[in-house]
Protein chains: 2
Amino acid sequence: MHFGCYFLLALDFAFRITLHMPRDNARLADFLPYRLSVTSNAVSNRIAVEYRARFGVNVPEWRVMAVLGDVGSLTQRQLVGATFMDKVAVNRACKVLVDRGLVERRPNDSDGRSHILELTASGREMHGQIMPLAMGMEERLLECLTAAEQRNLRKILDKLFAQVRDTDIS
Amino acid sequence: MHFGCYFLLALDFAFRITLHMPRDNARLADFLPYRLSVTSNAVSNRIAVEYRARFGVNVPEWRVMAVLGDVGSLTQRQLVGATFMDKVAVNRACKVLVDRGLVERRPNDSDGRSHILELTASGREMHGQIMPLAMGMEERLLECLTAAEQRNLRKILDKLFAQVRDTDIS
DNA sequence: GCTCAAATGTTCCAGATGCAACTATCGGGT
DNA sequence: ACCCGATAGTTGCATCTGGAACATTTGAGC
């Protein structure tokens, strides 16, 4: 966790440079991609620690479980599409989940290259425990925002993602 | 880049599960920390590729240069506070920048443990080139948002960060 | 001025990440 | 039926990342 003990110092520091710097100097703290990254990492780390401590899964593994628990049966390729993760990350997450008996992998009759992945009974049980935890964390995280701000945030993130995907930023 | 060729399929997939899934099922695509992470990673990767291609620096190195160029002279400890990066990341970034002649490190007279880091002439020159690029990318990224949405986003990210920092999410 | 806990920076190691190359399979064109 | 380019999955490798242990220096208390 690279925030925490240093945060007060950082705030003080940011405050000082806000006051004393010439207006035309670009400050990292004003750079929106930077803020997005810092906030996102803080949120992700916080949640990842919780998943790890309680269920022994990392974020890619949890994402795969969340999608499988929601949809049912998917191939790795479909999981890649559903989670926006790298196919290697999906492959590794699936391998771990299969080894732990949380996911079952059976041949795909209509395509010999792929397999069908599905939660086992034990996987569904963990899914039933981990989803309320995730929802609870989301709720407590979003407590600080009004309903309008929550809607705004979702809309804005969608717009930004589409912009990065479609537009030549460079 | 783990989005791109799979994106259309992902959209289609998300669309299908939106339509056909029971309402009470929690979907990963609705989970805000997930969306935040996907968007942030997409933005960061896109920008990182640009820095790498044009200046041969990675994100930690760029952050250190941005702060040094803005503030002047700092110790590694102050850089940690200013960038929210890990002290190891700051140390490595500084080492690389010193080796490349972009940053000068001189003893700190008032504290024998630390050194003062400062951009060299060549470092200031790169800073002068890289900051407009960063600002331009930010501008083109934010083109998709209204002025009100941009203000909202900054406010919301601040609130979220404070929430993660101060509140017990688990 | 001595001692010791705290702070700074550095190195080491272990895990996460993702690209690229590879194998196996598919399916369209001939 | 046979190519052959495209696709699904896997493995290897090189890089990124951060926690933990370490050396050095500081500064407060005695």
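Throughout, a chain's letter reflects where its sequence line sits, starting with A, and its residues are numbered from 1.
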Please state how far atom [atom1] in [X] lies from atom [atom2] in [N], giving the value in whole angstrom units.
{"X": "A:D86", "N": "D:dT15", "atom1": "CG", "atom2": "C1'", "answer": "14 Å"}
{"X": "B:R77", "N": "D:dT24", "atom1": "CZ", "atom2": "C1'", "answer": "16 Å"}
{"X": "A:N41", "N": "D:dC16", "atom1": "CG", "atom2": "P", "answer": "16 Å"}
{"X": "B:Q76", "N": "D:dT25", "atom1": "CD", "atom2": "C1'", "answer": "15 Å"}
{"X": "B:M85", "N": "C:dG9", "atom1": "CE", "atom2": "P", "answer": "13 Å"}

### Query
Do B:R63 and A:S37 have side-chain atoms, one donor and one acceptor, less than 3.5 Å apart?
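Result is yes, a qualifying pair exists.
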### Query
Can B:R113 and B:Q76 be counted as having a side-chain donor-acceptor contact under 3.5 angstrom?
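Judged by distance alone, the side chains do not pair up.
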Hydrophobic clustering (ILVMFWY, side-chain heavy atoms < 4.5 Å, transitive) - are [Y] and [X] grouped together?
{"X": "B:V88", "Y": "B:V67", "answer": "no"}
{"X": "B:V59", "Y": "B:M85", "answer": "no"}
{"X": "A:M131", "Y": "A:L97", "answer": "yes"}

### Task
Please check if the side chain of A:Q163 supplies one atom and the backbone of B:R140 the other of a donor-acceptor pair under 3.5 Å.
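Yes.
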#### Entry: Identified stems (criterion: three or more consecutive Watson-Crick or G-U pairs, under 3.5 Å), DNA chain C
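Stem list for DNA chain C: C:1-30 with D:1-30.
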### Task
State, to 0.1 Å, how close A:E149 and B:I156 come at their nearest heavy-atom pair, and which atoms those are.
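Here A:E149 and B:I156 meet closest at O-CD1, 3.5 Å.
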### Task
Might you point out which heavy atoms bring B:P33 and A:V43 nearest each other, and give the distance in Å?
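What the structure gives for the nearest pair is CB-CG1, 3.9 Å.
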### Summary
Expected string for nucleotides 22-27 of chain C under the B/S/- scheme (protein heavy atoms, under 4.0 Å, primed atoms plus P, OP1, OP2 as sugar-phosphate) is ---BS-
### Task
Could you tell me if the ring centre of A:W62 sits under 6.0 Å from that of B:F31?
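So the answer is yes for these two rings.
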Write out a two-atom table: protein N or O, nucleotide N or O from nucleotides 14-16 of chain C, distance below 3.5 Å.
unit_1, atom_1, unit_2, atom_2, d
C:dA16, OP1, A:R52, NH2, 3.2

### Task
Using a cut-off of 6.0 Å, state whether more than 12 heavy atoms not belonging to B:Q129 lie near its atom CD.
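Yes, because the 6.0 Å sphere around CD of B:Q129 holds more than 12 heavy atoms from other groups.
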### Task
Measure from the side-chain heavy atoms of A:V88 and tell me the nearest of D:dA8, D:dT11, C:dT11.
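Selected nucleotide (nearest to the side chain): D:dT11.
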### Message
If you only use heavy atoms from C-beta on, which nucleotide in D:dG18, C:dA7, D:dG12 is closest to the side chain of B:R92?
### Response
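In terms of side-chain proximity for B:R92, the closest of D:dG18, C:dA7, D:dG12 is D:dG18.
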### Task
Show your reasoning for whether side chain to side chain contact (heavy atoms under 4.5 Å, CB included) applies to B:L36 and B:L157.
CA-CA 10 Å; B:L36 191 62; B:L157 290 177; 4.3 Å; yes
